Amino acid sequence: MAVSIPDAKALYPLNSWYKTREINNKQPQGTPVGVSLAPGPDGKDGTSYQFSGQVNSYIQFPNNGGLDVQQSITILCWVYPENLKGPIVQYSDTSSTDWGVAMWLAFTTHLYARYSHRDYTRTTPLKTTEPLAVNQWHYVGTSYDQTTGIASLWQNGNRVVQGISEPA
């Protein structure tokens, strides 16, 4: 049986070639604030962005409605924790201060994710039991499948936490 995987809504390489542009120009360009290009997981200059871990260090991606996936979502990225906590990805619509999706390094370097339903009720958060090792690259992600209600955290290609996404 063939598995059908939908096309990505957005792919932002975040490197010196694409800067903060989406790879297929399907979405608006992001606005970098307090970040700088840095060596990435491949060790080459300009293949990642460095964030300071402070509130004034982020890339804001405008949402003209094209990033609204409505049903299910997967977010994947490389992170290089330096013993700081803070957001990796936060998504909300412009009409709410509540996050639709939040993936953080919490409690120093534990991976954490939480989702909000369309009625703004929050789901039970997911958190890894083991911290990410500092000063090394990790491929991390979070996913939510509306059909099954399953939310997951991923680390280096492995599902490390899974839960039913119930309102908290």
Side-chain angles (χ1 to χ4, degrees), residues 6 8-15 18-24 26-38 40-41 47-118 120 122-128 131-132 134 137-146 150-163 165 168:
K9 288 285 184 180
L11 177 60
Y12 291 92
L14 299 179
N15 58 28
Y18 286 98
K19 307 271 192 261
T20 61
R21 290 189 325 270
E22 197 271 333
I23 198 166
N24 294 312
K26 294 190 294 187
Q27 305 299 333
Q29 182 170 334
T31 302
V33 177
V35 298
S36 58
L37 286 164
T47 57
S48 77
Y49 274 89
Q50 182 171 6
F51 298 77
S52 71
Q54 304 298 314
V55 296
N56 60 350
S57 180
Y58 58 90
I59 299 173
Q60 181 167 348
F61 296 98
N63 182 13
N64 63 1
L67 292 176
D68 186 351
V69 294
Q70 299 181 17
Q71 311 298 323
S72 301
I73 188 168
T74 299
I75 298 170
L76 301 168
C77 61
W78 285 94
V79 297
Y80 187 91
E82 294 178 320
N83 216 25
L84 297 170
K85 63 182 180 180
I88 298 171
V89 173
Q90 289 184 180
Y91 171 82
S92 66
D93 66 20
T94 56
S95 66
S96 170
T97 57
D98 199 12
W99 306 320
V101 178
M103 183 169 62
W104 283 53
L105 287 178
F107 311 106
T108 310
T109 58
H110 288 267
L111 195 58
Y112 167 97
R114 179 176 236 168
Y115 293 86
S116 293
H117 296 286
R118 293 232 173 231
Y120 301 110
R122 291 183 178 181
T123 62
T124 304
L126 302 173
K127 184 176 84 88
T128 56
L132 296 176
V134 296
W137 286 100
H138 301 274
Y139 190 56
V140 300
T142 183
S143 60
Y144 171 69
D145 183 332
Q146 183 188 32
I150 294 175
S152 303
L153 285 174
W154 301 85
Q155 182 178 337
N156 300 323
N158 298 304
R159 186 186 330 231
V160 293
V161 177
Q162 175 179 306
S165 182

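For clarity, every value in this text was computed on a predicted model and none was experimentally measured.
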Spatial distance of atom OG (S48) from atom CG (L37) [nearest 0.5 Å]: 7.5 Å

Here the pair of heavy atoms bringing G30 nearest to T20 is O-OG1, 2.5 Å

Rounding to 0.5 Å, atoms CD1 (I23) and OH (Y12) come to a distance of 11.5 Å

Look at the side chain of E22 and the backbone N and O of L11, then say whether any donor-acceptor pair between them is shorter than 3.5 Å. yes

Of all heavy-atom pairs linking G141 and L76, the shortest is CA-CD2, 3.9 Å

If you define the side chain from C-beta out and look only at heavy atoms, does anything of I75 sit under 4.5 Å from M103? yes

Between F61 and P28, is any pair of side-chain heavy atoms under 4.5 Å apart? no

Taking OH in Y58 as the centre, count heavy atoms belonging to other residues, nucleotides or ligands within less than 6.0 Å. Is the count above 12? no

Between L126 and S152, what is the shortest heavy-atom contact and its length? CD1-N, 3.6 Å

Exercise: do T128 and Y112 side chains pair donor with acceptor under 3.5 Å: no

Please name the pair of heavy atoms, one in P13 and one in R21, separated by the smallest distance, quoted to 0.1 Å. CD-O, 3.9 Å

Check whether any side-chain heavy atom of I59 lies under 4.5 Å from a side-chain heavy atom of Y49, and answer yes or no. yes

Heavy atoms, side chains only, cut-off 4.5 Å: are H138 and N156 in contact? yes

Can you tell me how far CG of D145 sits from CD1 of I150, rounded to the nearest 0.5 angstrom? 7.0 Å

Kindly give the heavy-atom pair with the smallest separation between V35 and S57, and that separation in Å. CG1-OG, 3.6 Å

Please check if the side chain of T47 supplies one atom and the backbone of N15 the other of a donor-acceptor pair under 3.5 Å. no

Between W78 and Y139, ring centroids under 6.0 Å: yes

Answer yes if the side chains of T142 and W154 hold a donor-acceptor pair under 3.5 Å, and no otherwise. no

Flag the pair I88 / W104 as yes when at least one side-chain heavy-atom distance between them is below 4.5 Å, and no otherwise. no

Of the non-hydrogen atoms in E82 and V134, which two are nearest, and what is the gap between them? C-CG1, 4.5 Å

P41 versus Y80: any side-chain heavy-atom pair under 4.5 Å? no

